[in-house]
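Notes for the one structure printed next.
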2 protein chains.
Amino acid sequence: MTETRLDAVKLDGAGPVYDQIRRAIRDLVVSGEWQPGTSVPPEHALMEQLGASRMTVHRALVQLAREGLIIRRRRSGTVVATPPASHAMLDILSIPEEVRQLGQAYAYEVLARTDGRPSPEVAELFGLKRSDKVAHLLVVHRADGKPHVLEERVIHVAGVTGLSDEDFAGTPPGDWLLQHSLWSQAEHAISAIGAGEEQAALLDIAVGEPCLLVERRTWNQLQPVTAVRLLYPGFRHRFVGRFGPYGAA
Amino acid sequence: MTETRLDAVKLDGAGPVYDQIRRAIRDLVVSGEWQPGTSVPPEHALMEQLGASRMTVHRALVQLAREGLIIRRRRSGTVVATPPASHAMLDILSIPEEVRQLGQAYAYEVLARTDGRPSPEVAELFGLKRSDKVAHLLVVHRADGKPHVLEERVIHVAGVTGLSDEDFAGTPPGDWLLQHSLWSQAEHAISAIGAGEEQAALLDIAVGEPCLLVERRTWNQLQPVTAVRLLYPGFRHRFVGRFGPYGAA
DNA sequence: ACTTGCCAATTGCATATGCAATTGGATAGC
DNA sequence: GCTATCCAATTGCATATGCAATTGGCAAGT
């Protein structure tokens, strides 16, 4: 248990006091000056050192604890946490947004739509009964005219209202669903796969070309809403994220 | 601007009052009962309705605002936010951990190590001067004896202490670095690529086989620490994340 | 030694209070 | 009508205060 020097905590006078305290301590932690395991001075000490009230110091410490930089326990005090396993964040944008952010012209085309019952595989994967009604969609999204991503989607009809009257002429299904359905939970998986024959033709790439496959399933209160497979040609796509040891940067 | 019914906020008596209030309002928002754009009752109203002090109500609302569910402005009040673009979280585990979580036996092998200057590409990619010293490493990680992932790593010698004395016999470089260096910022990218000839041989797969490529670069206070390319055979790997509309689930 | 019980240090939570900052909307003046 | 001004509603921040809950460590007793 290393010592912490109390006078290392220095306020900079910018913004609310509680936030100055928070930043001051955070900087000591992320700079490594206060190593994991060292104990942070108790609230009373900081309160006297900094000339702030206990509640103000408390507020700063509570926030740092919520951010995972410190761990607080009654009686035994506050110690610097060891950085947790990191989480990388990937922004999930709608595909039109994604394309426009790249500065390219967006277009899409609904290649096929069938309304019916789920195939056994789909029902299994998605937790549906064979008797539930679903819509299948096949959409290709284009950026500057070139195929950008191939979307295969299954929508659980009972989970969305107004689906049967919608032809997706004005809005691609993903965006339409965002506006017309609620979701409370999603899961996605990223993997790599070679393009199949049909897929290669639609994406205008060679068969076997490595692609990023993003599979996403969405529920609302345990009821399935939609499942989608997005196939991105690998050589022109990368998902980028930035972060720090304690969370998003 | 829709109306919000004040009496919709109901406490459940479990845990701290401020947290009951927070959860009660959060539930109204995520259930869609309070649509985006509707205004949340002012602190005074909630205070009277719930029989709590203003500071307690305040605390709940401040926290909800930090979580992005509501937006607060002086005088104009508090309104329900429209859900932001989602972030998906991918847990970044150390590779030994990753393998063990799959219930498989972990092993690794350092295939090559060279200490020297960065190649022009590496220097460019990583923001190093040609004169900086770097170590190159090539490591294969195995799960139950089979190649799991191929790691190509560059380490900026000046950014880490004790590197030259370390032979990575006991700990793979990624884990060793976590223990012996600080980092404040990281960036990673995921893409799909076909295995090259050498890579295919080391991973025991066919040339051109689709693979997930994870590239990660790490800095400490703007100084480069390490850059790594992790090549996962695509057919046996997927990165999975779970989340909700307002963040991690 | 080992166990039990107690004390005090430390954090957690809630309240009451006061003032500052922002700004929508009303009002007065032109 | 249009603009400048003021007012009041609302949130933001800090303090002072008191009690509750947890628990490390000491002390007493066996």
Side-chain angles (χ1 to χ4, degrees), chain A residues 1-4 6 9-26 29 34 37-81, chain B residues 1-4 6 9-26 29 34 37-81:
Chain A
M1 183 72 60
T2 323
E3 283 289 310
T4 52
L6 183 53
V9 184
K10 287 267 175 49
L11 304 191
D12 59 7
V17 176
Y18 79 89
D19 206 57
Q20 296 179 43
I21 299 175
R22 187 183 67 80
R23 291 197 320 271
I25 296 180
R26 184 203 57 192
V29 173
W34 284 4
T38 61
S39 62
V40 175
E43 297 182 355
H44 281 289
L46 287 168
M47 174 182 157
E48 288 195 3
Q49 161 80 17
L50 301 172
S53 80
R54 201 196 131 209
M55 283 305 286
T56 302
V57 171
H58 183 72
R59 184 169 175 180
L61 292 176
V62 164
Q63 198 160 331
L64 286 167
R66 245 202 318 270
E67 293 168 12
L69 274 79
I70 60 178
I71 295 171
R72 320 194 70 206
R73 269 166 51 214
R74 281 166 171 147
R75 165 63 191 172
S76 38
T78 302
V79 298
V80 176
Chain B
M1 182 73 62
T2 323
E3 282 290 310
T4 53
L6 183 51
V9 185
K10 288 266 174 50
L11 304 191
D12 59 8
V17 176
Y18 78 89
D19 206 56
Q20 296 179 43
I21 300 176
R22 187 183 66 81
R23 291 197 319 272
I25 296 180
R26 184 204 57 192
V29 172
W34 285 4
T38 60
S39 62
V40 174
E43 296 181 355
H44 280 287
L46 288 168
M47 173 181 157
E48 288 195 3
Q49 161 79 15
L50 301 172
S53 80
R54 201 196 130 210
M55 283 304 287
T56 303
V57 171
H58 183 71
R59 185 169 174 180
L61 293 175
V62 164
Q63 199 161 329
L64 286 167
R66 246 203 317 270
E67 293 167 12
L69 274 79
I70 60 178
I71 295 170
R72 321 193 71 206
R73 270 168 49 215
R74 280 165 169 146
R75 166 64 189 167
S76 38
T78 301
V79 298
V80 176

Looking at every heavy atom in both A/I70 and A/L61, which two are closest together, and how far apart are they? CD1-O, 3.5 Å
Heavy-atom check, side chain of B/W34 versus side chain of B/L69, under 4.5 Å: no
So, do A/I25 and A/L46 sit near enough that their side-chain heavy atoms are less than 4.5 Å apart? yes
Side chain of [X] - closest among [options]:
{"X": "B/V17", "options": "D/dA14, C/dA14, D/dT11", "value": "C/dA14"}
{"X": "A/S53", "options": "D/dT23, D/dT10, D/dA16", "value": "D/dA16"}
{"X": "B/T56", "options": "D/dT10, C/dT15, C/dG24", "value": "C/dT15"}
{"X": "A/R75", "options": "C/dA9, C/dG12, D/dC13", "value": "C/dA9"}

Rounded to whole Å, how long is the line connecting atom [atom1] of [X] with atom [atom2] of [N]?
{"X": "A/R72", "N": "D/dT23", "atom1": "CZ", "atom2": "P", "answer": "14 Å"}
{"X": "A/H44", "N": "D/dT17", "atom1": "NE2", "atom2": "P", "answer": "13 Å"}
{"X": "B/R22", "N": "C/dC13", "atom1": "CZ", "atom2": "P", "answer": "12 Å"}
{"X": "B/M55", "N": "D/dT11", "atom1": "CE", "atom2": "P", "answer": "13 Å"}
{"X": "B/E43", "N": "C/dT22", "atom1": "CD", "atom2": "P", "answer": "17 Å"}
{"X": "A/Y18", "N": "D/dT15", "atom1": "OH", "atom2": "C1'", "answer": "16 Å"}
{"X": "B/H58", "N": "C/dT15", "atom1": "NE2", "atom2": "P", "answer": "14 Å"}
{"X": "A/M47", "N": "D/dA14", "atom1": "CE", "atom2": "P", "answer": "15 Å"}

Donor-acceptor pair present, B/R74 side chain and D/dT11 base, under 3.5 Å: yes
Would you state whether a donor and an acceptor, one from the side chain of A/R54 and one from the base of C/dG12, lie under 3.5 Å apart? yes
B/S76 or B/G15, whichever maps to the more 5' nucleotide of DNA chain C: B/G15
When you check the phosphate oxygens OP1 and OP2 of [N], does a side-chain N or O of [X] lie under 4.0 Å from one of them?
{"X": "A/T78", "N": "C/dT10", "answer": "no"}
{"X": "B/R73", "N": "C/dG24", "answer": "yes"}
{"X": "B/R59", "N": "C/dC13", "answer": "yes"}

Assign each of B/V62 and A/V57 to its nearest nucleotide of DNA chain D by heavy atoms, then name whichever residue's nucleotide is nearer the 5' end. B/V62
Is the shortest distance from a Lys or Arg side-chain nitrogen in A/R22 or A/E67 to a carboxylate oxygen in the other one below 4.0 Å? yes
Tell me whether A/E43 is salt-bridged to A/R72, with the criterion being a basic N under 4.0 Å from an acidic carboxylate O. yes
